[in-house]
Amino acid sequence: MFNMTNQSNKEKLREFWLTLMRCDSIRKIGFQIKDVYLALFEKYNINSDKVDLTWTVLDVGIGVWLLDPDQPVSDFEHLLSSLQLPQQTPNKSCVDALEADMILLSEGMKKLFQMLQCKDMWNLFVCLETKLVNVLAGMERREMSISIHTLLHFSSVLKRNLTSLEEKAHKAAGHAFLLNSHHQLRQVLFEELKLDSYLPGKTKLAKTNVTREISTSETVLTQLLPFHPLPGILLEYRQLQKLKSTYIDGILSCVNDSYLTTHWDQTSAATGRLSSHHPNIQAIPKLPVTIKDHQTNFIVGKVNSAVEGDNVVQFNARDVFISRPDWSLLSADFQQIELRILGHLTNDPILLKIFSDKTVPDIFNALAAQWMGKCVEDVSEADREQTKRVVYSVMYGIGKEKLASYLKCTTDTAKAIMASFLLKFPAVNQFTKSCVEFCEKYGYTRTIFKRRRLFPNITHRNGALRAQAERQCVNFCVQGSAADICKAAMLQVENALASNRDIKARLLVQIHDEVLLEVADSDLNTVSGLVKSVMESEKLCGSVVSLRVPIPVSISVGKTWGQMHPLSATCNNS
DNA sequence: CGTAACGTGGTGAGG
DNA sequence: TCCTCACCACGT
């Protein structure tokens, strides 16, 4: 907590800055404000379960990044040159150097103010990105509980199964080779076993992007499945290898004393999304993996996600993330946020009607019904999946060939499906066109929070590069706007928690359209109601924009991240 | 000449 | 079709 109305905190801050000045140059640690906050937390052992959002410290690096988000924030010198400031050589004295740098920075901030102001981004900078720094610093200090036991157990079981699969693969290939090497695998599959020759004449296997060789991807291996045991063994091996190396051993290497923290990067994604690393907590597998384990005998109940059946074990990597005793994990998830933003941006009457109708339980079913002229009851699961794919593909500007391979139909059918979709929702097509036209005229596109991304290739001679820029500029409007809203949601949630000091809850991670909190069991109902109402509130985006569509939030709760269930009790009176 | 350090390509996890 | 990060093999 760093409440600045508190006199002793003011003193602490002053003392902290003086220490910084004495011991180091701002070029090394001073210009990333999040790191300054973290150093402050550390030095004074501050509890950051809730942070004070009224404290505003502008970060020049983030401001510069907003001007051109494809350019990642690098070093201090680069910042200076971005702001067309002189890159003077550091003075001999440390304090002098810091003072000179501070003068440069304040000069830079003035320029930044002008540049952001005339691009209408000052509000985005101060009210969203700058406030978010406080939240991220808090999240980065909060430790998440990890079940070391589950982790070690998974690791050893996976290791056993991997060696067994490796032996099988070597036997099937006729000799030993490195299963992880695409190069060696390619040789075995296509030069020694010639598995591609078994395919019916017209079938073409996917090629690698740069070297144009036959791919060894999951898609290709699946196609080769009927002709030889090796592809099947490899698919299983790959799955387990990924699980073990990245999500079990990888996580383990980030764990300290059964607690884990991640690093949050505000400026690495050009669309404005957050990213996390070491570990990348936004890419932990969501669905459990089923493996056949011949050699293991499980003690049932000892590990909750390793359930013994007929030698079948279920692994869920998210089960290693747990809550502390008497606390639970709570996740709040925006439902179909990108699709709903498309509805808002396109202003398509049919889309708006579907989104506003709260009696429609599943949006993709309703969309499929609209699109195919069926009753909602007649829409099959396949119809729903197809509709979902078409919608997102059209949003991101897919080609008809790619769509055909996605839907496993002919290119003509894919073309017809796209055409009928665009006919049904003409505003979508119109939005795409006007987006590209705007970009051609001004060289950038904008999100609903006025975030910008530049697309210099939008007028490129090369058609492929130009087409890519066209897809990107449309994608940015949608994905970037979703990122804006998710960031705003984090601020509002943090703010709501901080203003209710007796509530025991803390924001731990963000997975793009979802936030994960740790909440004391006694406060679960209260926090659930609070978070839901804050995220669904029309005031979420403040005065920036009012959405033409509601974005419902679903709440679920559990003792581990892998076992989350909808919370039955609802609470709106807090 | 062996090894370390780094970059690149392929693959796959999430959204 | 867009955007990330992590791991592995392999070349320099």
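The chains referred to below are lettered A, B, ... by the order of the sequence lines, with proteins before strands, and numbering in each begins at 1.
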OP1, OP2 of C:dC5 versus side-chain N and O of A:S268: anything below 4.0 Å?
-> yes

Do any side-chain nitrogens or oxygens of A:S215 fall under 4.0 Å of OP1 or OP2 in B:dG10?
-> no

Under 4.0 Å between a side-chain N/O of A:R453 and OP1 or OP2 of C:dC3, yes or no?
-> yes

Hey, does the side chain of A:Q282 reach the backbone of A:Q510 with a donor-acceptor pair shorter than 3.5 angstrom?
-> yes

Sugar-phosphate only, base, or nothing, as touched by A:A270 at under 4.0 Å among non-hydrogen atoms = sugar-phosphate

From B:dG12, B:dG14, C:dA6, nucleotide with atom closest to A:N280 side chain = C:dA6

Picking from B:dG9, B:dG15, B:dA13, the nucleotide nearest the side-chain atoms of A:R318 would be B:dG15

Contact nearer the 5' end of DNA chain C, comparing A:Q184 with A:P69 | A:P69

Side chains of A:S215 and A:K207, donor plus acceptor under 3.5 Å | no

OP1 or OP2 of B:dG10 sitting under 4.0 Å from any side-chain N/O of A:T208?
-> yes

Are A:H175 and A:E192 linked by a side-chain donor-acceptor pair shorter than 3.5 Å?
-> yes

Have a look at A:Q239 and say if it touches a base, only the backbone sugar-phosphate, or nothing, with a 4.0 Å heavy-atom cut-off.
-> nothing

Which part of the nucleic acid, if any, lies within contact of A:I284, taking any heavy atom under 4.0 Å across all strands shown: a base, the sugar-phosphate backbone alone, or nothing?
-> sugar-phosphate

Phosphate OP1/OP2 of B:dG15: any A:R273 side-chain N/O under 4.0 Å = no

Closest to the side chain of A:S245, out of C:dA9, C:dC7, C:dC5, is C:dC7

Is it true that the side chains of A:T216 and A:R238 contain a donor and an acceptor less than 3.5 Å apart?
-> yes

Whole angstrom is fine here: how far is it from CD in A:E218 over to P in B:dG14?
-> 11 Å

Could you tell me whether A:D265 contacts a base, only the sugar-phosphate backbone, or nothing, with contacts defined as non-hydrogen atoms closer than 4.0 Å?
-> nothing

Among C:dA6, B:dA13, C:dC3, which is the nearest nucleotide to the side chain of A:P285?
-> B:dA13

N or O in side chain of A:S275 less than 4.0 angstrom from C:dC5 OP1/OP2 = yes

Under 4.0 Å between a side-chain N/O of A:K242 and OP1 or OP2 of C:dC8, yes or no?
-> no

For DNA chain C, whose closest nucleotide is more 5', that of A:A283 or that of A:H183?
-> A:A283

Rounded to the Å, how far apart are A:K207 NZ and B:dG9 P?
-> 18 Å

Tell me what A:H182 touches on the nucleic acid: a base, only sugar-phosphate, or nothing, going by heavy atoms under 4.0 Å.
-> base

Value in whole Å for how far the P atom of C:dC3 lies from CG of A:N475 | 6 Å

Between B:dT11 (P) and A:R186 (CZ): distance, integer Å | 6 Å

Is the distance from OP1 or OP2 of C:dT1 to the nearest side-chain N or O of A:R471 less than 4.0 Å?
-> no

Atom pair distance, as rounded to whole Å: CG in A:L516 and C1' in B:dG15 | 15 Å

Indicate whether the side chain of A:D319 and that of A:T150 have a donor and an acceptor atom separated by less than 3.5 Å.
-> no

Phosphate oxygens OP1/OP2 of C:dT1: is one of them under 4.0 Å from a side-chain N or O of A:Q472?
-> no

From NE2 of A:H263 across to P of C:dA6 the rounded distance in Å is 11 Å

Are A:S275 and A:S268 close enough that a side-chain donor and a side-chain acceptor fall under 3.5 Å?
-> yes

Counting side-chain heavy atoms from CB outward, which of C:dC2, B:dA13, C:dC7 is closest to A:Q468?
-> C:dC2

Does A:S181 have a side-chain nitrogen or oxygen under 4.0 Å from the phosphate oxygens OP1 or OP2 of C:dC8?
-> no

Round to the nearest Å and state the distance from A:L185 atom CG to C:dC8 atom C1'.
-> 13 Å

Within a strict 4.5 Å, meaning less than it, do heavy atoms of the A:L189 and A:L230 side chains meet?
-> yes

Length of the line joining A:L179:CG and C:dC8:P, which is rounded to integer Å | 13 Å

